[in-house]
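Read the structure below first, then the notes.
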Amino acid sequence: MLRTLLRRRKHQLSVEEVTVTPGPQVRRAVTAAALGNMMEWFDFGVYAYLAATMGKVFFPSSSPGAQLVSTFATFAAAFLVRPLGGLVFGPLGDRIGRQRVLAATMIMMAISTFAVGFLPGYDSIGFAAPLLLLLCRLVQGFSTGGEYAGATTYIAEYAPDKRRGFLGSWLDFGTFVGYALGSGLVTVLTAVLGTDGLESWGWRIPFMVAGPLGLIGLYMRMKLEETPAFKQEAEAARQQAENASSGDTPVEEARQSGKGRLKEIFTGHWEAVLICMGLVLLYNVTNYMVTSYLPTFMTETLGEDATTAQLLVLGTMVVVALTITTVGRTSDRWGRRPVFMAASIALVALAYPAFLLIREGGILMPAFGCLILGLLLVCFAGTSASTLPALFPTHLRYGALSIAFNISVSLFGGTTPLVASALVESTGSHMIPAYYLMIAGVIGFIAAFFLHETAGKPLRGSGPMVETPEQARELVAHSRTEAGRQARDIWIRLRHPWAHHRDKQGDQDK
């Protein structure tokens, strides 16, 4: 009888507790989520490559250096409202569902990006022109406050446990494909139209392309179903509400309210919030340094040819896109923590040499410098989408990730081009970006050191997820075997404690 009780104490999985997500559903979820991220970064790629041009269109009375700072300040302003967007869209996604919120953010991103292409310049309406640009950027920032966290949450809650790294990496594959498309389009326009044509009307074309892209993304997201994890959480909450009277569940009511969720995030999960912010800082400082600041740094600060600089960074993004899923698959095998820690150390060691190579001029040496930065960036990009959602439980995953992610991006990521350009302008040192990256590497290493490994494990608050019913049955059978083996070992130790001691002593003697 004691052995039976011991067996019951060890939880055994049942087939009903294992979620099966068929391949076609997973691919559809990944594609729709990645498309929204691609559109967001299409806008970033366009804005980064057109920074100097837009500075002349919207801030013509300033010096070239001041134009860049003003343009990047407008770019950074969008990140100031991202935490507000996260506060709105994140908890909303935990309450009404991930799919609805992702559709709403897609609409807002498409409209605000499309509108930039129709803005009049400073020569037409004066000071109102940069104000309208700022307004469009603020709407973009507010909508993206719920975009990345929602997309990572959606993919993570659909992905089988053993392939979450690989499938999550496709989200950031969309990021760099979008950036490459946007920057590539600007590069082509620069070569075809020249500087004068680009300043007069050509800069509008990339923003107008965002309209059709947004419609395609919206169509795909409207076709999505809600994630299995959210459905299970919603059903459990519904049953709890039905089984309890309204006057007997004040704790549950507080948890479901906005204030209750925020309190739970910052009091019950503050360690996960800090780890998340540290990893996001590491990824996004590197990301925005390479994608948003580096093209302008090479042209305006180092005096490189604009087309050459654009092609170098564009080639770097292609390398990142081609290798990112390999990094995601590697994190499934080796773990998220080792990848983050190794890449953080490499960033501290290689950021300075990379910028020394970029300063050399020409093509070959800067190409090697850009390649180093790109390979470091892909280590963070290929691992983040599978790591960050696993930090938080299902019932507040979207909200907690939105808040932590956007606070870190707003304070450190999106401000990277502005801070770097201002420091280079004020100090005259061309190595400031390298020092900035080294500091980010140290912070990222500390965050990764305290990260708990989640590769191959179920998400917090959710059961195991597999691809096929056969895998579910194998997992249940393995669980029962393990439970029986552990119960047997405890039974033997209780009945023959000295035998276990003798076996252990014998192993030591050997």
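These numbers come from the heavy atoms of this one structure, side chains and all, not from hydrogens, waters or symmetry mates.
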Legend entry - Gap between atom CG of L437 and atom CG of L350 - 0.5 Å precision: 11.0 Å
Under 3.5 Å, which donor-acceptor pairs link side chains of residues 110-117 to any protein atom two or more places apart or in another chain?
{"residue": "S112", "atom": "OG", "partner": "M108", "partner atom": "O", "Å": "2.9"}
{"residue": "S112", "atom": "OG", "partner": "M109", "partner atom": "O", "Å": "3.2"}
{"residue": "T113", "atom": "OG1", "partner": "M109", "partner atom": "O", "Å": "2.9"}
{"residue": "T113", "atom": "OG1", "partner": "Q140", "partner atom": "NE2", "Å": "2.9"}

Inset, instruction - Determine, for F166 and R329, whether the Lys NZ or Arg CZ falls below 6.0 Å from the six-membered ring centre while staying within 45 degrees of the axis. - result: yes
Legend entry - Beyond-backbone contact of L80 with L138, side-chain heavy atoms, under 4.5 angstrom: no
Legend entry - Counterpart residues, salt bridge (charged side-chain N to carboxylate O under 4.0 Å, His left out), relative to R460 (two or more places apart): none
Inset, instruction - Report yes if the side chains of R28 and L224 come closer than 4.5 Å at any heavy-atom pair, otherwise no. - result: yes
Legend entry - Exam field: side chain T416 to backbone G413, donor-acceptor pair closer than 3.5 Å: yes
Legend entry - Residue pair P160 / L167: nearest heavy atoms and the distance that separates them: CD-CD1, 3.6 Å
Legend entry - Exercise: identify the closest heavy-atom pair between L388 and C276: CD2-SG, 4.1 Å
Inset, instruction - State whether the side chain of D94 and the backbone N or O of G399 hold a donor-acceptor pair below 3.5 Å, judged by distance alone. - result: yes
Can you give each donor-acceptor pair under 3.5 Å made by side-chain atoms of residues 184-192, sequence neighbours left out, with the distance rounded to 0.1 Å?
{"residue": "T187", "atom": "OG1", "partner": "S183", "partner atom": "O", "Å": "2.8"}
{"residue": "T187", "atom": "OG1", "partner": "Q310", "partner atom": "OE1", "Å": "3.4"}
{"residue": "T190", "atom": "OG1", "partner": "V186", "partner atom": "O", "Å": "2.7"}

Legend entry - Non-hydrogen side-chain atoms of M106 and S143 separated by less than 4.5 Å: no
Inset, instruction - Rounded to the nearest 0.5 Å, what's the gap from CD1 on I275 to CG on L451? Could you check? - result: 6.0 Å
Legend entry - L401 side, atom CG; H269 side, atom NE2 - distance, nearest 0.5 Å: 13.0 Å
Inset, instruction - Would you indicate whether the side-chain heavy atoms of V57 and L50 approach each other to under 4.5 Å? - result: no
Legend entry - With F176 via ring-ring contact (aromatic ring centres under 6.0 Å, His included) - residues at least two apart: none
Legend entry - M365 side chain near L356 side chain, heavy-atom distance below 4.5 Å: no
Inset, instruction - Please examine the side chains of V419 and Y436, heavy atoms only from C-beta on, and report whether any two atoms are closer than 4.5 Å. - result: yes
Inset, instruction - List the steps, then state whether side-chain contact (heavy atoms from CB on, under 4.5 Å) holds for Y179 with F42. - result: CA-CA 5 Å; Y179 182 92; F42 176 87; over 6 Å; no
Legend entry - Qualifying side-chain hydrogen bond (donor to acceptor under 3.5 Å, both in side chains) pairs, either residue in residues 271-281, two or more places apart: none
Inset, instruction - Kindly check if the number of other-residue, nucleotide or ligand heavy atoms within 6.0 Å of CE (M208) is above 12? - result: yes
Inset, instruction - Look up atom CG in L218 and atom CG in L213, then write down how far apart they are to the nearest 0.5 Å. - result: 12.5 Å
Legend entry - Expected output: side-chain S421 to main-chain L418 donor-acceptor under 3.5 Å: yes
Inset, instruction - Identify the heavy atoms of A151 and L102 that sit nearest to each other, and give their distance. - result: N-CD2, 3.7 Å
Legend entry - Donor-acceptor pair, side chain of N284 and main chain of V409, under 3.5 angstrom: no
Which pairs of donor and acceptor atoms, one on a side chain in residues 313-326, lie under 3.5 Å apart (sequence neighbours left out)?
{"residue": "T316", "atom": "OG1", "partner": "L312", "partner atom": "O", "Å": "2.9"}
{"residue": "T323", "atom": "OG1", "partner": "V319", "partner atom": "O", "Å": "2.8"}
{"residue": "T323", "atom": "OG1", "partner": "V320", "partner atom": "O", "Å": "3.4"}

Inset, instruction - Would you please test T286 and L373 for side-chain contact (heavy atoms from CB on, under 4.5 Å) and show each step? - result: CA-CA 8 Å; T286 309; L373 295 178; 5.9 Å; no
Inset, instruction - Answer yes or no: is there a side-chain heavy-atom contact under 4.5 Å between S429 and I432? - result: yes
Inset, instruction - Take S331 and R336 through the side chain to side chain donor-acceptor pair (under 3.5 Å) test and state the conclusion after the steps. - result: CA-CA 5 Å; S331 75; R336 328 290 190 216; 3.0 Å; yes
Legend entry - salt bridge (charged side-chain N to carboxylate O under 4.0 Å, His left out) against E199, all qualifying residues, sequence neighbours excluded: K56
Inset, instruction - Could you list all the ring pair (Phe, Tyr, Trp, His ring centres under 6.0 Å) pairs where at least one residue sits in residues 133-156, not counting sequence neighbours? - result: F89-F142, Y148-F405, Y154-Y158
Inset, instruction - Start with the C-alpha gap between V273 and I265, add the side-chain angles, then the distance that decides, and say whether side-chain contact (heavy atoms from CB on, under 4.5 Å) holds. - result: CA-CA 8 Å; V273 169; I265 290 170; 3.9 Å; yes
Inset, instruction - Kindly write out the residues that satisfy salt bridge (charged side-chain N to carboxylate O under 4.0 Å, His left out) with E147, not counting sequence neighbours, or none if the list is empty. - result: R221
Inset, instruction - Keeping the roles fixed (side chain from T308, backbone from E304), state whether a donor-acceptor pair exists under 3.5 Å. - result: no
Inset, instruction - Applying side chain to side chain contact (heavy atoms under 4.5 Å, CB included), name anything that partners A447, two or more places apart in sequence or on another chain. - result: L279
Inset, instruction - Indicate the ring-plane relationship of F58 and W203, choosing parallel, tilted or perpendicular according to the 30° and 60° boundaries. - result: perpendicular
Legend entry - side-chain contact (heavy atoms from CB on, under 4.5 Å) evaluation trace for T299 with D305: CA-CA 6 Å; T299 55; D305 176 69; over 6 Å; no
Legend entry - Distance-minimising heavy-atom pair for A381 and D172: O-OD2, 3.3 Å
Inset, instruction - Could you tell me whether a side-chain N or O of R164 sits under 3.5 Å from a main-chain N or O of K457, the two making a donor and an acceptor? - result: yes
Legend entry - Side chains of M38 and T175 in contact at under 4.5 Å (non-hydrogen atoms): no
Inset, instruction - Using modelled atom types only, decide if a donor and an acceptor are shared between the side chain of T152 and the backbone of A149 within a distance under 3.5 Å. - result: yes
Inset, instruction - Nearest 0.5 Å please: distance from the CD1 atom of I446 over to the CG atom of L282. - result: 11.0 Å
Legend entry - Nearest heavy atoms of S124 and P120, plus distance in Å: CB-CB, 4.0 Å
Legend entry - Exam field: side chain S426 to backbone L423, donor-acceptor pair closer than 3.5 Å: yes
Inset, instruction - Examine the side chains of R98 and T153 and answer whether a donor and an acceptor come within less than 3.5 Å of each other. - result: no
Inset, instruction - Mind jotting down which residue pairs meet the side-chain hydrogen bond (donor to acceptor under 3.5 Å, both in side chains) criterion with at least one end in residues 398-411? Sequence neighbours excluded, please. - result: R82-N406
Legend entry - Exercise: identify the closest heavy-atom pair between Y352 and M438: CB-SD, 4.4 Å
Legend entry - Donor-acceptor pair, side chain of R337 and main chain of H452, under 3.5 angstrom: no
Inset, instruction - For F297, check ring-ring contact (aromatic ring centres under 6.0 Å, His included) against everything at least two apart and list the hits. - result: Y293, F355
Legend entry - Separation between OG1 of T31 and CG of L171, rounded to the nearest 0.5 Å: 11.0 Å
